[in-house]
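Please read the structure below before turning to the comments.
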Amino acid sequence: MITPAAIGTFALMVGLLTLTPGLDTALILRTAALGHRRRAWGVVLGIQSGTLVWGVLTSLGVTALLTASHLAYEALRWVGAAYLVWMGGRLLWATRRRSSGEGPPTAGARGEGEFGTGAGDRLLGGWRQGFVTNLLNPKMGAFYVAVLPQFVPAGASSLTAGMLLAGVHILLAVIWACALIAFAHVLRDRLRRPSARRCLDRITGTVIAAFGIRLALGQ
């Protein structure tokens, strides 16, 4: 079985990764800051569902096959990059329309739903967004392939150990998400003003699109 020391080392590693500002942080903060608490928790649950899937696939050796197959990895990388650029572009385009005053705001223009789909403050919509975003990130698979096997002791069930380690990662990520949502809730009234919302959406859209471009460039 995995020793407590190994679990502690793994927790420290993924904890630092979780605290590093990135795409997940941007998605959670932006959604929660707009007052969409159910959707924000949906995003959190979707991201962690994706993490659990990556952990299971890595334990079963599927992720290793993905990273070993240049064609499969490249296909997933380009699909993920296109999805992120599309999400970021939708946000930036919506802020451009609002600032130019083109007609009354719609559900999509207000940034509600999945960046313009009008899904509103729904748990399922947030879950789908977080889940797809996480699964289309091949770097998550590459990270788990590189790290997870190092903490699975010889003779132990790789699936059980992998799910345990993924559970540690998920627990830390959920705790961090609680802090992010609480922080966004404190600033919610300020961030929901039209000018603040445009600024927030521009920052979030730029961050998401930049991650997509970096993924496309293989960085």
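In this text the structure is predicted, and so the values were computed from the model without any measurement. The first residue of the sequence shown is numbered 1, and numbering continues consecutively from there.
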Where L123 and W41 come nearest, the two heavy atoms and their spacing: CD1-C, 4.0 Å
Quick check: do F151 and I7 have side-chain heavy atoms less than 4.5 Å from each other? no
Working to the nearest 0.5 Å, report the span between CG of L135 and CG of L57. 8.0 Å
Looking at every non-hydrogen atom in both residues, tell me the closest pair between A209 and V85 and how far apart they are. O-CG2, 3.9 Å
If two hydrophobic side chains count as joined below 4.5 Å and joins carry through other members, does I170 share a cluster with L12? no
My understanding is that only residues two or more places apart in sequence, or in another chain, count here; which of them pass side-chain hydrogen bond (donor to acceptor under 3.5 Å, both in side chains) with T18? none
On a heavy-atom basis, which atom in A166 and which in G55 lie closest, and how many Å separate them? CB-CA, 4.3 Å
Could you go through residues 44-53 and list every donor-acceptor pair under 3.5 Å that involves a side-chain atom there, pairing it with any protein atom two or more places apart or in another chain?
from, atom 1, to, atom 2, distance (Å)
S49, OG, L45, O, 2.7
S49, OG, W127, NE1, 3.0
T51, OG1, I47, O, 3.1

Tell me, do L27 and I208 make a side-chain contact under 4.5 Å, heavy atoms counted? yes
Ring pair (Phe, Tyr, Trp, His ring centres under 6.0 Å) partners of F143, counting only residues at least two apart: none
Pair W176-I28, side-chain contact (heavy atoms from CB on, under 4.5 Å): steps then yes or no: CA-CA 10 Å; W176 177 235; I28 296 169; over 6 Å; no
Minimal heavy-atom distance between G212 and A81, with the atoms involved, is O-CB, 3.2 Å
According to a 4.5 Å side-chain heavy-atom criterion applied to Ile, Leu, Val, Met, Phe, Trp and Tyr, with indirect links allowed, do L124 and V43 form part of one hydrophobic cluster? yes
Sequence-distant partners of T20, side-chain contact (heavy atoms from CB on, under 4.5 Å), two or more places apart: none
If we count only N and O atoms by modelled type, under 3.5 Å, do the side chains of W54 and N137 hold a donor and an acceptor together? no
Is L180 reachable from I175 through a run of I, L, V, M, F, W or Y residues, each pair having side-chain heavy atoms under 4.5 Å apart? no
May I have all residue pairs that pass ring-ring contact (aromatic ring centres under 6.0 Å, His included) and include part of residues 13-34, sequence neighbours excluded? none
Does a side-chain heavy-atom distance below 4.5 Å link R39 with L34? no
Out of curiosity, M140 CE to L23 CG, how far, rounded to the nearest 0.5 Å? 11.5 Å
With sequence neighbours left out, write down each residue that passes side-chain contact (heavy atoms from CB on, under 4.5 Å) with L136, or none if nothing qualifies. L76, V79, Y83, V132
Throw together a table of side-chain donor-acceptor distances under 3.5 angstrom for residues 155-165, partners on residues two or more places apart or in other chains.
from, atom 1, to, atom 2, distance (Å)
S157, OG, T160, N, 3.3
S157, OG, T160, OG1, 3.2
S158, OG, S59, O, 3.2

For A82, side-chain contact (heavy atoms from CB on, under 4.5 Å) partners two or more places apart: none
side-chain contact (heavy atoms from CB on, under 4.5 Å) involving L172 - partner list, sequence neighbours excluded: A11, V14, V168
Using only atom types and a distance under 3.5 Å, with no angle test, would you say the side chain of Q129 pairs donor to acceptor with the backbone of G125? no
CG-OG1 distance between L92 and T204, expressed to the nearest 0.5 angstrom: 9.5 Å
May I ask you to decide if L215's main-chain N or O and R77's side chain share a donor-acceptor pair within less than 3.5 Å? yes
Drop me the distance from D201's CG to R30's CZ, to the nearest 0.5 angstrom. 4.5 Å
With clusters built from Ile, Leu, Val, Met, Phe, Trp and Tyr whose side-chain heavy atoms come within less than 4.5 Å, directly or transitively, what are the remaining members of the cluster of W78, listed by chain and number? none
What are the two closest non-hydrogen atoms of V207 and A26, and how far apart are they? CG1-CB, 4.1 Å
Can you name the nearest heavy-atom pair linking I2 to P153, along with the distance? CG1-CD, 3.7 Å
Taken in chain and number order and not counting sequence neighbours, the residues that satisfy ring pair (Phe, Tyr, Trp, His ring centres under 6.0 Å) with Y144 are H169
